[in-house]
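Beneath this line is the structure, given in structure tokens, with notes to follow.
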Amino acid sequence: MADPLHTVSALLEPVFRAVTGVDADPVVRASDRADAQVNGALAAAKQVGRNPREVAAEIVAAAAEPLRGVATMEIAGPGFINLTFSDSFVAGELASAARDPHLGVRPTPAAERIIVDYSAPNVAKEMHVGHLRTTIIGDALVRMLEFVGHEVIRENHIGDWGTPFGMLIEHLLDLGETEAANELSVGDLDGFYRQARVKFDSDDEFKQRSRLRVVALQSGDGETLRLWQELVDASAAYFNIVYRKLGVLLTSADLAGESSYHGLLDEVIQRLDRSGLLQQSDGADVVFAPGFVNREGEPLPLIVRKGNGGFNYATSDLACVVDRVERLRATLMLYVVGAPQAQHFEMVWKVCEMAGWLPPPARCVHVQFGSVLGSDRKMFKTRSGDTVKLVELIDEAVERGIAQVRERSPELSPAEQDSVGRMIGIGAVKYADLSTDRIKDYVFDWDRMLSFDGNTAPYLQYAHARIRSIFRRVGVDGQTHLGEVILGDPKERALALRLLGFDQAVNESLERFVPHRLCTYLFDLAQDFTGFYEACPVLRAEDERVRQSRLALCDLTAQVLDRGLGLLGIDVPDRM
RNA sequence: GCCCUCGUAGCUCAAUGGAUAGAGCAACCGGUUUCUACCCGGUUGGUUGGGGGUUCGAGUCCCUCCGAGGGCGCCA
């Protein structure tokens, strides 16, 4: 379909086979010296021990017919083949992309059921800046995966189980349930947690009650469970407020907290025992996964049951895999979790493999990411050194976005300023997070992310708004009676080719689960559009056919920007 | 001590083993300023942390050193 590189590659594969006698990847890539370049002749020639230019020449000769009407070829350098697409091919592909609800993006050839595990805040604890990246990246991946046709199950693995709940429930009782509910509903989760902690550390009687309460919770005491559920519900309600403000897909229906796996924990231990993997070490039940050592160079165990008989997060994570593979029948599990947990997950998944709980094609992928840093390049904190509350960060983003719009667009109504400002502020935060390689740390900088210049959300949103403005003037709502595209000007051609690249951008992003590839593409698209916009009058075009053609380019560009940013979870205003 | 990740222009970042390492910001020069100037074009700027190796070809793969961050048994 849309991606010309993909189309050409498919056409060249049999040619490569015919010429070289082996299966060789044509290696079709974007190029800065032609529309595309074919690099595969060099490697193929090497493989069969022939002269690369000679092989390239044979390929060009043999490909003339298959590529007729698609592209012309030229050999360059040691054996590169430069491709120039024919205008009619580009126009035809563009027309089919414009008719396609997916704008030319190929659906996945192998749809899977995919779990995306992201966000994962803790019950009765404030969401903070540490939850920003997992929530934003996970949400973007969900949207992209669904777009190409996968069945996605969102799972919010909230921390809703464990020893802290003894003290939290006792504190709830001390406060009185009504009072506690009030406190939690206004979002003062940290205050609640801190008070409980203080009492736990200073009051022996409270500490004793808390311990008994943990036992009651784990043994399934009805009243205790009811109180626990109150805490969970109050926190979930608060999380939902934050999610709505941030504009992510997560709802209460996606909650799959640690408590969900409670019933599976015993079974996990039993299964490990039966398969002979379980061992004792210092009083704990453990599994030794090969390849992991501790400080002393001795084998490092994965502890699945503590010396006191309790389970820990490793047990829960093991159960989680079992649940996702055996009950939900997922084949791909994405864990959108920070880089520091890499070793933990490696160990857990290694044990799952040893136990036979990850039969191919089922597999887990750690979609890890770096930290959010302040301008001092240290962990992002408030001026006073405190952890930044997520909700405060979101509110500030909205405030700053609205302030921008008020200053720049006084002609908009106050309501519209608020609405647009919200999109700009939230979009800026999301885009700043998504637009760099997730594995790296990034520096949080309000001024840069909110700038209308450069690789930012506001710049892309603005490019879209400019296009919508054209259609408002012409009184057409896009997509209606738009004619065939004529590629007269080089800028028109560049924009057309870029539009066809949406397909590759989305699919490439998903190959490695890196949203920044899509961001880079959208930025390039916006740049190509402004180049076109400067050089090619649309409404003032002399020829009506040219005018219609340019309107068609504008329309498709707006759609790709809208859809592309939408896949990143970023809203796009029609005017700003 | 061992393991993992990162190191690219003054700054922030790109670059599925391919040709001359690209953008944006900043700086400087210039343009248009009634299809949104919230713009566009150009110039300056690099030993891709250092050194070896593999390869026809390395920012990318391997080894080593330096630097930064993180992890390393009963928290999650």
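Convention: sequence-line order gives letters A, B, ...; per-chain numbering from 1.
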Item checked: Nearest-neighbour nucleotide for the A:Lys306 side chain, B:A76, B:C39, B:C13 considered -> B:A76
Next item on the list: Check every atom of B:G73, B:C13, B:C35 against the side chain of A:Val286 and return the nucleotide holding the closest atom.
Entry: B:G73
Note to self: Strictly by Watson-Crick or wobble contacts shorter than 3.5 Å, is anything paired with B:A14, and which nucleotide is it?
What the structure shows: none
Notebook entry, point to check: Mapping A:Asn39 and A:Gly307 onto RNA chain B by nearest heavy atom, which one lands closer to the 5' end?
Noted result: A:Asn39
Note to self: Nearest to the A:Arg377 side chain among B:G71, B:C35, B:C13, which nucleotide is it?
What the structure shows: B:C13
Margin query: Rounding to an integer number of Å, can you tell me how far A:Phe345 CZ sits from B:U5 P?
Written below: 17 Å
Item checked: Sugar-phosphate, base or nothing in reach of A:Thr163, heavy atoms under 4.0 Å -> nothing
Margin query: Within the 4.0 Å heavy-atom criterion, would you say A:Pro78 contacts the bases, only the backbone, or no part of the nucleic acid?
Written below: nothing
Check: What is the nucleic acid contact for A:Asn294, judged by heavy atoms within less than 4.0 Å: base, sugar-phosphate only, or nothing?
Finding: base
Check: Just checking, any donor-acceptor pair under 3.5 angstrom between side chains of A:Glu511 and A:Asn507?
Finding: no
Margin query: Any strand counts, and the cut-off is 3.5 Å on both contacts for Watson-Crick or G-U wobble. Which nucleotide pairs with B:G69?
Written below: B:C4
Check: Among the nucleotides B:A19, B:C35, B:C40, which one has an atom lying closest to any side-chain atom of A:Phe80?
Finding: B:A19
Item checked: Per-pair stack call A:Tyr462 and B:C38, 5.5 Å, 30° -> yes
Margin query: Looking only at the side chain of A:Ile439 (C-beta and beyond, no hydrogens), which of the listed nucleotides B:U5, B:U36, B:A76 gets closest?
Written below: B:U5
Next item on the list: Look at the side chain of A:Gln527 and decide which nucleotide, out of B:G24, B:C35, B:G71, has an atom nearest to it.
Entry: B:G24
Next item on the list: Would you classify A:Ala342 as touching base, sugar-phosphate or nothing, given that sugar-phosphate means primed atoms plus P, OP1 and OP2, and contacts are heavy atoms under 4.0 Å?
Entry: nothing
Notebook entry, point to check: So what's B:C39 paired with, Watson-Crick or G-U wobble, going by both distances under 3.5 Å?
Noted result: B:G31
Note to self: Under 5.5 Å centre to centre and under 30° between planes: does that hold for A:Tyr313 and the six-membered base ring of B:C75?
What the structure shows: no
Check: A:Glu508 side chain to A:Gln504 main-chain N or O, any donor-acceptor pair under 3.5 Å?
Finding: no
Check: Paired with B:U60: which nucleotide, if any, by Watson-Crick or G-U wobble criteria at under 3.5 Å for both distances?
Finding: none
Check: Just by distance, do the side chain of A:Arg498 and the backbone of A:Phe529 share a donor-acceptor pair under 3.5 Å?
Finding: no
Next item on the list: Starting from the 5' end of RNA chain B, give me the residue, A:Pro301 or A:Asp25, whose nearest nucleotide shows up first.
Entry: A:Asp25
